[in-house]
Enquirer: 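Please read through the structure below; I'll follow up with questions.
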Amino acid sequence: MSLTNTIKQVTTIAIEELYHVTIAESAILVNATKPEFEGDYTVVLFAFVKQLKKSPDALGQELGNYLVSNNPSLFSSFNVIKGFLNLSVVDSYWISFLQSEYTNATYGIAPMNGEKVMIEYSSPNTNKPLHLGHLRNNFLGWSIAEILKANGYDVVKTCIVNDRGIHICKSMIAWQLFANGATPESTNQKGDHFVGDYYVKFNDEFKRQVEELVATKGMTKEGAEKKAPILLAAQQMLLDWENGNPEVIALWERMNTWVYAGFDATYKAIGSNFDRTYFESQTYLLGKDLVEEGLTKGVFYQKEDSSVWIDLTADGLDEKIVRRKDGTSVYITQDIGLAVNKYEQYHSNKSIYVVGDEQNYHFKVLKLICQKLGLPSADGIFHLSYGMVELPTGKMKSREGTVVDADDLVAEMINISKQKTEELGKVKDFTTDELSALYDTIGLGALKFYLLRVDPKKKMIFNPEESIEFQGFTGPFIQFIHARIKSILRKMSAEGFTINPITVTESLLPQEKAIIVELELFPTVINDAANEYDPSKIAIYIYNLAKTFSSFYSELSIANAESAEKKTLRLQLAQLTAHTLKTGMQLLGAGVPDRM
RNA sequence: GGUCUCGUAGUUCAAUGGAUAGAAUAGAAGUUUCCUAAACUUUAGAUCCAAGUUCGAUUCUUGGCGAGACCA
């Protein structure tokens with residue numbers, strides 16, 4: 001059990017014994033003591049002074065006395081300031097913690113709990129390459145999956161590919177018109193970028209045709225936008241696709257193949273993958289029978305024009321259409337169908353959707369409809385809503401060419417890490433392969449950390465003018481500390497020094513204790529990160545740990561410690577810190593090098 | 001028009017209703033015969049405005065201003 005929980009527990013016991021009042025452990029607030037005060041952990045007393053009819057000071061004194069005298073293996077002393085009871089934890093507690101964990105390479109990882117969770121993320125469109133927003137999505141999805149695994153869940157990662165619809169047809173039409181049979185191979189271009197370029201070409205031509213119609217036929221802009229021949233062709237193509245026209249299907253398959261090759265390269269570059277990929281072309285008809293079922297159950301109702309709706313006004317939402325008057329489904333219908341489909345296949349009680357916050361309303365509606373239909377999967381639906389990545393000037397807009405391309409950004413990060421590594425010149429003996437792996441680790445580490453260190457719920461600003469930092473609150477800083485520790489451990493091992501369990505006789509120095517206190521928090525942090533679906537908790541934690549260690553490292557010598565005992569103790573500390581930094585970075589989907 | 005989210009140092013981010021609002025970066029100053037200076041140390045700098053609830057509000061409530069998203 002974590003120390004704060006232990007403190008809560010002994011505090012409830014103390015209050016029970018002293019005052020015969022039962023207080024829930026969750027009602028007790030235990031914080032780390034602020035550095036300006038004496039002590040390690042603080043119990044905030046204000047919450048129950050009323051209930052216990054005691055002054056904060058008297059309560060603190062009585063409680064402090066009781067806790068210290070009844071838990072000698074936990075507390076050495078206490079002091080009370082205003083309503084805060086500051087407790088000092090005995091050195092032996094920290095030391096025994098360190099002795100039991102320092103060899104544990106998977107410290108913080110919980111055993112399997114037998115529960116299954118599905119997580120859907122990435123959701124690319126096949127008409128465009130991935131951009132910065134997709135990267136945040138992918139990194140979040142991956143990281144949450146890792147964090148849930150670390151909490152013992154069995155995680156199934158899925159991806160729904162939006163591979164049908166008018167946008168794909170736009171790329172297809174433009175390719176037919178302008179490509180002259182060009183392919184990604186013939187132009188030596190990545191497939192997703194190749195197809196994306198034709199999507200851009202479609203829009204250019206569309207704009208040109210609209211202007212032409214306005215100028216020559218005297219149409220209004222709105223009118224021309226509905227009559228532009230290239231748009232009509234795309235619309236016709238969508239109909240042909242839905243009717244299974246073999247030529248259209250063949251072209252669609254061919255262009256999708258190009259795009260998938262491009263996506264695969266990107267996913268490989270960023271170290272992402274899925275256990276199961278769904279294609280919208282195969283799922284878009286799902287959910288139709290559920291509409292009938294909903295009508296039978298009276299959950300849905302039909303209007304005079306025969307369109308089908310659900311009334312969610314009682315739940316504070318609007319009326320929502322689930323089937324158009326022409327009988328075609330809307331987006332949400334297939335989502336309901338897919339949810340059922342996934343549940344039948346995996347029987348997972350929890351299904352997480354990593355989707356941008358622009359779809360908050362959509363997912364509220366989705367969950368509500370599923371609940372009203374009485375679907376077993378309904379309560380487990382959780383929308384992990386994340387904020388958009390914006391530029392200092394606002395949203396990224398493809399029309400204005402301000403979209404930050406994922407491949408470009410990844411390549412740039414790797415290139416910067418190459419430059420910095422060469423400037424520093426510390427790994428000149430590395431082979432080409434080792435160097436290339438190192439650049440990837442550092443560049444991607446920097447990028448992933450940058451995108452995950454912010455609370456997912458909040459929108460974040462990315463300034464393309466300033467490159468992502470490699471100093472301070474960054475991935476490379478953590479990687480650097482890890483490499484330093486590894487360097488020390490390598491030297492010790494080369495000298496034949498082995499780290500054995502010890503009995504500590506000297507008292508802990510503040511710098512030593514600070515790290516142990518920080519390390520002890522790791523399992524709690526992993527738990528919090530999972531409960532709140534928030535990888536930034538991990539990022540902030542490992543940064544603080546690395547910083548605490550860095551400070552310790554610069555003030556105290558490890559290899560040349562004052563005594564053999566201190567040397568071993570500090571090596572144990574260093575080793576557990578390295579394990580923790582490595583695990584923490586893995587939870588963010590990032591690696592740590594042994595040298596850099 | 002309706003619903004929702006957000007507003008913290010110059011900038012990018014923290015802070016389950018708790019002590020003197022933390023970091024990073026940019027700024028100023030310093031540290032390398034000693035385990036990797038992608039580092040360390042010191043310094044200056046912020047809660048949009050106005051009420052309310054509370055022993056205590058960046059956090060909760062209401063109103064205003066500003067930014068964004070969604071639903072029509």
Side-chain angles (χ1 to χ4, degrees), chain A residues 4 26-31 33-37 39 42-47 49-50 55-56 81-84 86 312-313 315-321 356-365 385-388 390 392 394-395 416-417 419-421 423-427 442 445-446 450 453-455 457-463 465-466 468-492 495 528 531-532 536-537 539-541 543-544 546-547 549-561 567 570-571 574 593-596:
Chain A
T4 46
S26 56
I28 296 173
L29 183 61
V30 177
N31 286 338
T33 302
K34 299 260 174 189
E36 54 269 32
F37 302 102
T42 298
V43 181
V44 182
L45 304 168
F46 296 106
V49 288
K50 254 185 200 164
S55 77
I81 297 168
K82 294 196 261 174
F84 300 94
N86 300 324
L312 299 171
T313 48
D315 300 279
L317 305 177
D318 298 317
E319 295 186 335
K320 182 86 190 170
I321 192 164
D357 62 8
E358 58 202 353
Q359 296 204 41
N360 283 354
Y361 186 81
H362 175 84
F363 278 97
K364 256 189 210 169
V365 172
S385 163
Y386 66 91
M388 297 289 105
E390 292 183 6
K395 280 189 87 170
I416 294 173
S417 67
Q419 281 172 23
K420 301 226 176 199
T421 304
E423 276 167 32
L424 294 169
K426 294 183 205 168
V427 287
I442 298 174
Y450 179 85
R453 68 183 197 183
V454 181
D455 183 339
K457 288 189 287 298
K458 297 195 175 173
K459 73 172 182 197
M460 60 184 296
I461 310 282
F462 172 79
N463 189 348
E465 304 295 314
E466 299 163 14
I468 290 172
E469 289 156 16
F470 284 66
Q471 273 152 8
F473 182 25
T474 66
F477 173 77
I478 290 157
Q479 293 171 328
F480 174 66
I481 302 303
H482 178 266
R484 262 184 166 178
I485 295 173
K486 283 298 195 182
S487 168
I488 299 169
L489 295 174
R490 267 195 309 274
K491 280 188 181 140
M492 290 300 102
E495 288 173 17
D528 289 350
N531 291 336
E532 294 173 41
S536 75
K537 295 259 186 294
I540 292 167
Y541 169 79
Y543 172 67
N544 284 330
K547 209 157 71 101
F549 187 88
S550 190
S551 195
F552 155 84
Y553 170 95
S554 65
E555 288 173 47
L556 301 172
S557 179
I558 296 171
N560 301 310
K567 181 173 176 178
R570 289 175 194 170
L571 283 167
D594 286 349
R595 289 179 59 194
M596 69 185 276

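Treat the numbers as computed from the prediction; the structure is a model and nothing was measured.
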Enquirer: Looking at the base of A14(B), is there any donor atom on it, or on the side chain of N544(A), that sits under 3.5 Å from an acceptor on the other one?
Expert: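 Between A14(B) and N544(A), which were checked side chain against base, a qualifying N/O pair under 3.5 Å is absent.
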Enquirer: What is the separation between atom CD1 on I478(A) and atom C1' on A24(B), rounded to the nearest whole Å?
Expert: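 Distance, rounded to whole Å: 12 Å.
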Enquirer: Would you call the rings of F84(A) and F46(A) parallel, tilted or perpendicular, taking 30° and 60° as the class edges?
Expert: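 The rings of F84(A) and F46(A) stand perpendicular, inter-plane angle above 60°.
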Enquirer: Between S550(A) and C40(B), is there a contact of a side-chain N or O with OP1 or OP2 at under 4.0 Å?
Expert: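 Yes.
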Enquirer: Which string of ( ) [ ] | and . matches RNA chain B, if you list each base 5' to 3' and count Watson-Crick or G-U pairs only when both distances are under 3.5 Å?
Expert: (((((((..((((....[...)))).(((((.......)))))....(((((..]....)))))))))))).
Enquirer: Here's a test of your reading of the structure: between D594(A) and I481(A), which maps to the more 5' nucleotide of RNA chain B?
Expert: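 Looking at RNA chain B, the more 5' nearest nucleotide goes with D594(A).
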Enquirer: Check this for me: does the side-chain of T42(A) come within 3.5 Å of the base of A19(B) through a donor and an acceptor?
Expert: yes
Enquirer: Let me know the distance between CD of E555(A) and C1' of U31(B), rounded to the nearest Å.
Expert: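 About 13 Å, once rounded to whole Å.
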Enquirer: Evaluate whether the aromatic ring of F480(A) and the six-membered ring of the A39(B) base sit under 5.5 Å apart, centre to centre, with an inclination under 30°.
Expert: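 Not stacked by the 5.5 Å and 30° rule.
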Enquirer: Heavy atoms from C-beta onward define the side chain here; which of A24(B), A19(B), U36(B) lies closest to that of F84(A)?
Expert: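 It is A19(B).
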Enquirer: Do nucleotides 56-63 of chain B as a string where each nucleotide becomes B, S or -: B if the base has a protein heavy atom under 4.0 Å, S if just the sugar-phosphate does, - if no protein is that close.
Expert: --------
Enquirer: What's the closest nucleotide to the side chain of F477(A) if the choices are U36(B), C40(B), C35(B)?
Expert: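 Of the options given, the side chain of F477(A) lies nearest C40(B).
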Enquirer: With rounding to the closest Å, how many angstrom separate the P atoms on G10(B) and C70(B)?
Expert: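 Per the computed distance, 31 Å lies between those P atoms.
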Enquirer: Just the rounded figure in Å: distance from P of A38(B) to CD1 of I442(A).
Expert: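 Distance check: I442(A) CD1 to A38(B) P gives 11 Å.
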Enquirer: Return the nearest nucleotide to the side chain of Y553(A); candidates are C40(B), C35(B), C70(B).
Expert: C35(B)
Enquirer: What string of B, S and - do you get for nucleotides 4-11 of chain B 5' to 3' if you count protein non-hydrogen atoms under 4.0 Å?
Expert: ---S----
Enquirer: Round to the nearest Å and state the distance from R490(A) atom CZ to U36(B) atom P.
Expert: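 After rounding, the reported distance stands at 8 Å.
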Enquirer: Tell me which nucleotide among C71(B), A39(B), C35(B) gets nearest to the side chain of R484(A).
Expert: A39(B)
Enquirer: Is there a donor on the side chain of T421(A) or the base of A38(B) sitting less than 3.5 Å from an acceptor on the other?
Expert: yes
Enquirer: So which one's nearest nucleotide on RNA chain B is more toward 5', Q471(A) or T33(A)?
Expert: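 Looking at RNA chain B, the more 5' nearest nucleotide goes with T33(A).
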Enquirer: Could you state the OH-P distance from Y361(A) to G2(B), rounded to the nearest angstrom?
Expert: 15 Å
Enquirer: Report yes if a side-chain nitrogen or oxygen of K486(A) is closer than 4.0 Å to either non-bridging phosphate oxygen (OP1 or OP2) of U36(B); otherwise report no.
Expert: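 False: K486(A) side-chain N/O out of range (4.0 Å or more) of U36(B) OP1/OP2.
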Enquirer: Is S487(A) near enough to U36(B) that one of its side-chain N or O atoms lies under 4.0 angstrom from OP1 or OP2?
Expert: yes
